2 protein chains.
Amino acid sequence: MPIRLKDIAQELGVSTVTVSKVLRGNPDIGVKTRARVLERLNALNYRPNMAARGLATGKTFTVGLIVPDLLQPFFAHFAKELGGVLRQHDRALLLASSEEDPKIEAQEILALIQRGVDVLVLASCRDELLPVPELSALPVPLVLFDRRFKRMKANFVGSDDVGAGELATRHLIELNRKRIAHIGGLQTSPARDRTAGYLRALERTGRKIDERYLVLRKRLEERGDDIGFSCMQGLLALRRPPDAVFCYNDMTAIGAIQATLQAGLKIPREMAIIGCGNFRYADYLQVPLSSIDQDTAELGRAAARLTLSIADSPQARVQSIVLKPRLVIRQSSAPPSLKISR
Amino acid sequence: MPIRLKDIAQELGVSTVTVSKVLRGNPDIGVKTRARVLERLNALNYRPNMAARGLATGKTFTVGLIVPDLLQPFFAHFAKELGGVLRQHDRALLLASSEEDPKIEAQEILALIQRGVDVLVLASCRDELLPVPELSALPVPLVLFDRRFKRMKANFVGSDDVGAGELATRHLIELNRKRIAHIGGLQTSPARDRTAGYLRALERTGRKIDERYLVLRKRLEERGDDIGFSCMQGLLALRRPPDAVFCYNDMTAIGAIQATLQAGLKIPREMAIIGCGNFRYADYLQVPLSSIDQDTAELGRAAARLTLSIADSPQARVQSIVLKPRLVIRQSSAPPSLKISR
């Protein structure tokens, strides 16, 4: 015979509502009562059954999130904000990481679908130019985050990355830098878009693009600092090295700073450097790092709102939410006139 | 009538094994076949049903993890490693954050239990000295991570934090520092244990404890940099300021470094500083930060192994896995003789 909450309530001398509230995690119930109820449920081997609830409603009240790497503060921050809003709406977040490997990503997508998530949020590590037939045929609604695909119309939450690249590069132009380099990525839409923004900003000033100053690498995420370091060493070895660099992300910029200092150059006087992402430690670096702020917290909240609305009406029109980036100037690209406080 | 994999296979001219492999996310199946199978399943509105599997086996193949804050690199790194091993064993990680709030933590615990996790891994933000009747009465096996409770016998994975405090303080003693301060926390077991290690190291050298150099705060996690900054300002305002500080964690140490530099003191000559956690950016700070390495990756893997073994036999004996910490010396506490490479 199934255990009824009513019987448990009677046994403990509390109301059924109280038992039900304890089960739903309602904070109204005092610690002692909560403990008594849980102890009794435990003794009866009662497992409140979301699985059964899922079978009844066809929903699991669970959202899946796949990010390339949880160690990147950008994705950790996004997951934190997304999960926070979902929690307030009684949804749980199933989190997976693809470790920047498309094969693992494919496995994780299927694993989450098998677990029956109501919506899948994906920051994909696949090449944005490749066709993605599997993603178009998923049996659950999909929200792409941060990275999108050229050949796929899908829900999307992310930054205006062309704008980010333009903003960073225009800032370097306004510092009167003559040889502005870019260390960028090749595979994902944010990488390509930031590079496009860099090129557009230069073209708008009528400058000729010097390809020697455009250094593009396949993968920048995992060990961005190492890659930034070696790319910068390459740039510094040119007969006429650049006097400013826009780096795809903050980790890459950290590596570029290390290589620049090691070469004995002054930042920002001889080399202005700007990253992208405005990560938490930018203020505390050896040279405090200028960056482009993507408002990661708002990206997480926007993704949560979109996810909740899709969970309620999966057939809704495809939406794209794109946030405007913001320039944050610190010492690594401070104009001579500007006194930057730490 | 339920959809049978056999029928789908026949329809598409593939084997039932192929369809089943696609569902299990097996990478053996080529992209095109995978897409065809998924498209057909989608058209049939087939939702592979982990919920049903869960009802049949009594397991959900899901592990719950609650951390105080995903933005702390320590917890993000742990979650990444734990999730990585679980993935290899076909388990998914349900991730929640308590935002350092015991009330949210209680809600999250119940929410995860309701979702039917097989094991719950918890880095609790509650005061380690308070009684925790609820935690002892949980209807799922529990693994405490990083923080434990004085009055509760439970599975645990974490660091030898007394050892960490001793290691850091002994290092400062060996630098011949005379007035060694400690900025620490009051509520969690790692905070209290690191303080205990600090005191033990000083006592072992026969030094009298000077309470003015012991600065303890309730919460250090969230804005550790701000708290480290203000605590350090307090220490610098003493008639005889310390000449070395062991900080509870790296964020607190970052704040202490800022306050020290702002006061015009040289690090490490006039003030040696060491943190704990050895976070990813320690090398790149304004003053590269000495720290205690807890081997976060191994903590994650150890927790995964313990979790998997408990999922298989929930009645197993309570286990405690405690890893030895390791000293990492960088510029912030470099001895005069030692040349530290960046």
Side-chain angles (χ1 to χ4, degrees), chain A residues 22-25 27 31-32 34-35 38-39 41-42 45-52 54-55 60 62 69-71 73 76-77 79-80 83-84 87 90 92-97 99 103 106-116 133-134 137-139 225 254 258 280-281 284-286 342, chain B residues 22-25 27 31-32 34-35 38-39 41-42 45-52 54-55 60 62 69-71 73 76-77 79-80 83-84 87 90 92-97 99 103 106-116 133-134 137-139 225 254 258 280-281 284-286 342:
Chain A
V22 168
L23 280 173
R24 277 181 289 119
V31 167
K32 278 190 187 162
R34 208 147 63 193
L38 284 173
E39 214 165 329
L41 290 170
N42 194 20
N45 205 16
Y46 178 89
R47 297 266 300 243
N49 216 325
M50 285 299 277
L55 286 179
T60 60
T62 306
D69 181 3
L70 202 53
L71 256 180
H77 195 176
K80 174 192 165 105
R87 181 182 62 237
D90 268 338
L93 190 67
L94 258 176
L95 185 74
S97 165
E99 308 298 323
K103 269 190 207 151
Q107 283 175 46
E108 289 292 331
I109 289 172
L110 289 168
L112 288 176
I113 289 172
Q114 281 175 269
R115 268 159 221 289
E134 295 167 67
L138 290 184
D225 44 352
I254 285 176
Q258 297 307 114
R280 193 182 189 179
Y281 308 100
Y284 300 129
L285 297 176
Q286 189 170 14
R342 275 189 79 100
Chain B
V22 169
L23 281 172
R24 276 182 289 118
V31 166
K32 278 189 187 164
R34 208 149 60 192
L38 284 174
E39 216 165 327
L41 291 169
N42 194 20
N45 206 14
Y46 179 89
R47 297 266 300 245
N49 216 324
M50 285 299 278
L55 286 178
T60 60
T62 306
D69 181 3
L70 203 54
L71 257 180
H77 195 176
K80 174 191 164 106
R87 181 181 63 238
D90 269 337
L93 190 66
L94 257 176
L95 183 75
S97 164
E99 308 298 322
K103 268 189 206 150
Q107 282 175 45
E108 289 293 331
I109 289 171
L110 288 166
L112 288 175
I113 289 172
Q114 279 175 271
R115 269 159 218 289
E134 295 168 67
L138 290 184
D225 43 354
I254 284 175
Q258 297 306 115
R280 193 182 189 180
Y281 309 100
Y284 300 129
L285 297 176
Q286 189 170 14
R342 275 189 81 102

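From a predicted model like this one, the values you see are computed outputs, not experimental measurements. The sequence lines fix the lettering, A, B, ..., with proteins before strands; numbering per chain opens at 1.
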- Measure distances from Ala96(A) to the heavy atoms of chain B and classify the residue's part below 4.5 Å as side chain, backbone, both or neither. neither
- Note on the structure: Heaviest contributor of heavy-atom pairs below 4.5 Å to chain A, chosen from Leu112(B), Ile109(B), Leu94(B), is Leu94(B)
- Item | Nearest non-hydrogen partners of Leu70(B) and Ser97(B), listed with the distance | N-OG, 4.4 Å
- Which value, rounded to the nearest 0.5 Å, describes the distance between Ile254(B) atom CD1 and Arg280(A) atom CZ? 8.5 Å
- Message: Please identify, among Gly83(B), Ala92(B), Pro73(B), the residue contributing the most non-hydrogen atom pairs under 4.5 Å to chain A.
- Response: Ala92(B)
- Hey, could you give me the CZ/CD distance between Arg87(A) and Gln107(B), rounded to the nearest 0.5 Å? 7.0 Å
- Task: Search all heavy atoms of Leu71(A) against all heavy atoms of Tyr281(B) and return the closest pair with its distance.
- Result: O-OH, 4.3 Å
